[in-house]
Protein chains: 2
Amino acid sequence: MDSPATRDPDLTRARILDAALALFVEHGVTGVSLREIAETSGVTKSLIHHHFGSKEALWTAVKAHAFSRYAEEQMAELEARQVPDTSLLQTSVLRYFRFLQQRPEVVRLLAWIHLEADEGCSEMDAELVRLGAERIRQAQQAGLLRDDVNPTHVVTLFVHACSQWFTAKAHHSGWPGIGDDQAYLDDFLRIFMAGLAPPEER
Amino acid sequence: MDSPATRDPDLTRARILDAALALFVEHGVTGVSLREIAETSGVTKSLIHHHFGSKEALWTAVKAHAFSRYAEEQMAELEARQVPDTSLLQTSVLRYFRFLQQRPEVVRLLAWIHLEADEGCSEMDAELVRLGAERIRQAQQAGLLRDDVNPTHVVTLFVHACSQWFTAKAHHSGWPGIGDDQAYLDDFLRIFMAGLAPPEER
DNA sequence: CGCTTGACTGGCCGACCGGTCAATACGTTG
DNA sequence: CAACGTATTGACCGGTCGGCCAGTCAAGCG
């Protein structure tokens with residue numbers, strides 16, 4: 001609301017990015033006008049053009065900014081645990097689920113990006129997926145997980161099961177017999193972990 | 001392209017609905033103008049207002065129309081098989097996957113609906129989910145599936161795993177090590193079916 | 001036939017869109 | 001202090017938006 005006492009282009013950029021992220025993620029790029037973003041962030045519409053050039057460029061900047069923060073947090077999460085053990089996968093799923101639970105804007109951002117079919121964004125988390133798949137592969141070689149499935153598909157599946165739960169939450173919350181976040185997570189983990197156990201344990 | 005020789009309001013409505021579905025699903029409601037829909041369907045913009053009242057009402061009609069067709073096809077699919085057996089779940093997953101594979105507009109329609117958080121739409125497939133969950137429950141009671149998981153969550157999980165694969169396809173097709181539709185489906189089914197097997201078989 | 005109903009048209013409206021531009025205010029630097 | 005670069009402003013542009021309205025036209029019916 002209150003504008004900064006002195007000129008601060010970095011803060012201005014940040015305020016615009018924050019407001020744009022919130023609005024874009026809520027209503028989609030075409031559903032938001034630069035005037036709304038200007039009003040929300042407390043700056044002039046012209047100033048947005050000055051700092052970002054165009055609406056399209058602003059959207060690109062918003063995606064890059066939010067995605068890089070997302071990638072940083074997830075990368076830190078992955079690198080915190082170096083040695084694969086039996087509980088690593090379960091813990092990773094749990095943490096990713098909790099992460100999405102606390103950051104609904106990330107869930108919606110990803111959903112918009114998917115609908116855009118923005119192929120450039122796939123490069124942004126490719127490294128993340130590569131790292132996750134590598135952990136799965138290590139666990140497979142250690143005999144902790146079945147080795148007849150593609151590690152990348154395992155990562156993909158668990159990302160899908162978590163993100164889609166929150167993306168479609170308003171939709172399937174009315175389904176008969178559906179449980180809350182924790183109950184869904186528990187059932188998913190039961191099925192997922194049992195399905196990934198090595199053959200000799202089945 | 002060519003307009004009907006005589007006046008045919010039903011055909012006109014259908015042409016508008018078809019064009020609107022294609023455009024809405026591709027660019028989103030706010031990304032499409034009534035003028036584009038009018039031009040694509042070969043009618044006047046005023047005629048759209050005459051038949052549907054407003055852009056919002058047209059979108060509602062498009063959703064209801066497409067969704068009812070989707071529900072019909074899926075309901076027929078479910079009711080075709082009455083007796084639960086060991087291969088029913090696997091077959092259902094496979095057919096649902098193939099269904100989405102051949103109807104990309106359904107995938108995108110669902111994705112838009114999810115982003116809208118239109119809770120009214122959840123009623124449309126609640127019956128579908130209820131029926132699917134009932135089949136799972138029957139299989140559980142017959143000892144064909146583990147019974148310590150919520151049947152509705154099983155349905156939800158397999159719907160998520162299938163639909164999100166196609167929704168995010170453009171995004172994760174660039175991920176290192178990812179396979180094609182069939183390879184992903186195979187791996188998912190391996191994990192899913194093994195994870196749902198009753199305890200004594202593990 | 002004349003009359004009613006509703007499908008259908010073209011034109012128009014005010015609001016709003018993204019983008020541009022000249023002018024201004026401020027901070028930094030020489 | 002003067003000069004310069006840039007953050008910032010508000011007015012303005014052509015174009016498009018969804019919606020509205022008066023009127024035309026075709027079909028059904030007594």
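Quick note on labels: first sequence line is chain A, next is B, and so on, each numbered from 1.
In this structure, A/L47 places its CG atom 16 Å from P of D/dA11, rounding to the nearest Å. The separation between A/H50 atom NE2 and C/dG18 atom P is 19 Å, rounded to whole Å. Taking atom CG on A/D8 and atom C1' on D/dT8, their separation rounds to 13 Å, with Å as the unit. Between the CD1 atom of B/I16 and the P atom of D/dG18 there is a distance of 14 Å, given to the nearest Å. Atom NZ in B/K55 sits about 15 Å away from atom P in D/dC20, given to the nearest Å. Atom-to-atom, CD1 of B/I37 to C1' of D/dT16 comes out at 15 Å; the value is rounded to the nearest Å. Distance, B/K45 NZ to D/dC21 P: 13 Å, rounded to whole Å. Put simply, CZ on A/R15 is 10 Å from P on D/dT8, counting in whole angstrom units.
Nearest to the side-chain atoms of A/R7 among the listed nucleotides C/dC26, C/dC8, C/dT20 stands C/dC26. Nearest to the side chain of A/E36, among C/dT20, C/dC17, C/dT9, sits C/dC17. Across D/dG19, C/dA7, D/dC12, the shortest atom-to-atom separation from the side chain of B/H51 is found for C/dA7. Counting only heavy atoms from C-beta on, A/R35 has its side chain closest to C/dG19 among C/dG19, D/dG19, D/dT9.
Taking the centre of each ring, A/Y70 and A/F99 come in below the 6.0 Å mark. With ring centers used as reference points, B/H172 lies under 6.0 Å from A/H160. With ring centers used as reference points, B/W59 lies under 6.0 Å from B/F24.
Under the 30°/60° scheme for interplanar angles, the aromatic rings of A/Y96 and A/F158 are found to stand perpendicular.
Using a 4.0 Å heavy-atom criterion, one finds that B/S46 contacts the bases of the nucleic acid, with or without backbone contacts as well. Within the 4.0 angstrom heavy-atom criterion, only backbone atoms of the sugar-phosphate kind lie near A/L34; the bases stay farther away.
Put simply, the side chain of A/Q140 gets close to the backbone of A/V149: a donor and an acceptor are under 3.5 Å apart.
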